[in-house]
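One structure is given here, and the rest of the page talks about it.
Just the heavy atoms: all of them, side chains too, but no hydrogens, waters or symmetry mates, feed the values below.
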Amino acid sequence: MLCEEDSDDILPQATDGNPGQGLAGGWTFYSTFGGAEAGRFDVKQGAIYSYTKEAKIFESSGDPDAKTSGNSFAFNGALTTWTGTGLNPSTSSTAIDAPANTMLLGEEGCGGPSLVGYGYSRGTTDGYFNPGTDHFSKFHPGGSVVAFCDGHVKILQAEDHFVETICGSAVQCFH
């Protein structure tokens with residue numbers, strides 16, 4: 001990612017939860033933490049927007065909340081050090097053992113299981129995928145869109161391969 005080159009290979013920080021509301025410095029910015037529904041995002045205030053310059057790429061076509069929330073994706077919390085302050089520093093991209101297998105961003109769902117299987121019916125609450133509590137959406141017939149640390153993107157049944165998708169291998173990397 002270009003932003004890594006500008007930051008000595010450190011991935012962008014990630015904001016989370018109520019403390020992250022309105023807090024600058026995360027990969028994306030949200031003004032309202034969603035809780036059981038999608039949050040409200042202004043991706044133009046996020047750390048990676050200047051590399052994309054197109055707000056629509058943050059919205060998944062299958063996310064029913066995308067038009068009002070402004071974001072469908074969440075940053076892999078296993079790549080950060082959780083601080084409890086709402087702003088979590090990220091790891092170096094060179095410290096990721098299996099970048100082609102490790103999620104960077106994925107479609108997060110909230111709001112309880114929908115009728116389409118494991119998928120959750122609403123969009124991301126804060127753009128931070130906490131592996132201990134969060135779930136993938138299932139906005140697409142094939143599962144969730146996942147962007148990996150090496151830059152490739154695919155739709156997969158990520159919930160069926162939860163630890164492997166988050167950690168890059170079958171070895172759990174979170175508590």
Side-chain angles (χ1 to χ4, degrees), residues 1 3 11-80 82 86-88 90 102-149 151-162 165-166 174:
M1 280 176 44
C3 57
L11 295 169
Q13 297 183 98
T15 48
D16 80 288
N18 282 321
Q21 291 181 109
L23 193 59
W27 80 275
T28 190
F29 175 89
Y30 59 97
S31 59
T32 304
F33 172 62
E37 57 189 48
R40 297 295 176 256
F41 296 85
D42 181 356
V43 295
K44 292 179 180 179
Q45 292 187 54
I48 69 169
Y49 179 77
S50 63
Y51 299 97
T52 65
K53 297 193 173 108
E54 179 54 58
K56 293 286 183 199
I57 68 167
F58 294 86
E59 299 174 10
S60 171
S61 61
D63 180 356
D65 295 315
K67 298 272 186 259
T68 55
S69 73
N71 178 41
S72 303
F73 296 91
F75 190 88
N76 185 350
L79 301 176
T80 70
W82 187 79
L87 186 61
N88 305 300
S90 292
T102 306
M103 179 184 99
L104 178 64
L105 300 170
E107 289 179 318
E108 179 187 22
C110 69
S114 71
L115 298 175
V116 294
Y118 70 76
Y120 281 63
S121 56
R122 310 312 306 178
T124 183
T125 59
D126 57 6
Y128 183 81
F129 195 97
N130 180 333
T133 60
D134 290 334
H135 304 278
F136 287 101
S137 71
K138 193 172 183 182
F139 298 143
H140 312 281
S144 300
V145 172
V146 177
F148 291 86
C149 292
H152 83 279
V153 177
K154 65 182 178 179
I155 295 177
L156 76 152
Q157 297 292 340
E159 197 76 15
D160 294 343
H161 306 283
F162 192 82
T165 303
I166 301 298
F174 55 91

Would you find a donor on one side and an acceptor on the other, under 3.5 Å apart, between the side chain of Trp27 and the backbone of Gly127?
yes
Distance-minimising heavy-atom pair for Ile48 and Pro12:
CG2-CG, 3.7 Å
Looking only at non-hydrogen atoms, find the nearest pair between Ser60 and Ala66 and report the distance.
O-CB, 3.7 Å
Could you grab the distance from atom CG of Asp134 to atom CG of Asp126, nearest 0.5 Å is fine?
6.5 Å
Residue set satisfying salt bridge (Lys or Arg N to Asp or Glu O under 4.0 Å) with Asp65, at least two apart, ordered chain then number -> Arg122
Could you label the plane-to-plane angle of the Phe33 and Tyr30 rings as parallel, tilted or perpendicular, counting under 30° as parallel and over 60° as perpendicular?
tilted
So how far is it from Tyr49 OH to Ile57 CD1, rounded to the nearest 0.5 Å?
9.0 Å
Distance from His152 atom NE2 to Leu104 atom CG, nearest 0.5 Å?
11.5 Å
Gln13 side chain to Ser90 backbone, donor-acceptor under 3.5 Å
no
Test of understanding: with salt bridge (Lys or Arg N to Asp or Glu O under 4.0 Å), list the residues that count as partners of Lys56, not counting sequence neighbours.
Glu59
Just verifying a value: how many Å separate Ser61 OG and Lys67 NZ, rounded to the nearest 0.5 Å?
8.5 Å
Apply the side chain to side chain donor-acceptor pair (under 3.5 Å) test between Tyr128 and each candidate in Thr80, Thr28, Asn76; give the one that qualifies.
Thr80
Within the 3.5 Å criterion, strictly below it, is a donor on Asp63 or Ser72 matched to an acceptor on the partner's side chain?
yes
Atom pair CZ (Phe136) and CG (Asp160), whose distance is rounded to the nearest 0.5 Å:
10.5 Å
Taking Glu108 for its side chain and Phe129 for its backbone only, find out whether a donor-acceptor pair lies under 3.5 Å.
no
Can you name the closest pair of heavy atoms from Phe139 and Pro64 and give their distance?
CE2-CD, 3.8 Å
Ala78 versus Ile166, closest heavy-atom pair with distance:
CB-CG2, 3.6 Å
Give a yes or no on whether the backbone of Asn71 and the side-chain of Ser69 come within a donor-acceptor separation of less than 3.5 Å.
yes
Can you check side-chain contact (heavy atoms from CB on, under 4.5 Å) on Glu107 and Phe73, steps first, answer last?
CA-CA 5 Å; Glu107 289 179 318; Phe73 296 91; 3.5 Å; yes
For Phe174 and Phe162, take the angle between the two ring planes, folded into 0 to 90°, and tell me which bin it lands in: parallel under 30, tilted 30 to 60, perpendicular over 60.
perpendicular
If you take all heavy atoms of Thr15 and Asn88, which pair is closest and at what distance?
C-ND2, 4.5 Å
With no hydrogens and no angle check, do the side chains of Asn130 and Asp16 hold a donor and an acceptor under 3.5 Å apart?
no
Leu79 versus Thr102: any side-chain heavy-atom pair under 4.5 Å?
yes
Atom OG of Ser31 and atom CD of Gln21: how far apart are they, to the nearest 0.5 Å?
7.5 Å
Check whether Asp42 reaches the backbone of Phe29 with its side chain - one donor and one acceptor, N or O, closer than 3.5 Å.
no
Please find the pair of heavy atoms, one from Arg40 and one from Thr68, that lie closest to each other, and give the distance.
CD-O, 3.5 Å
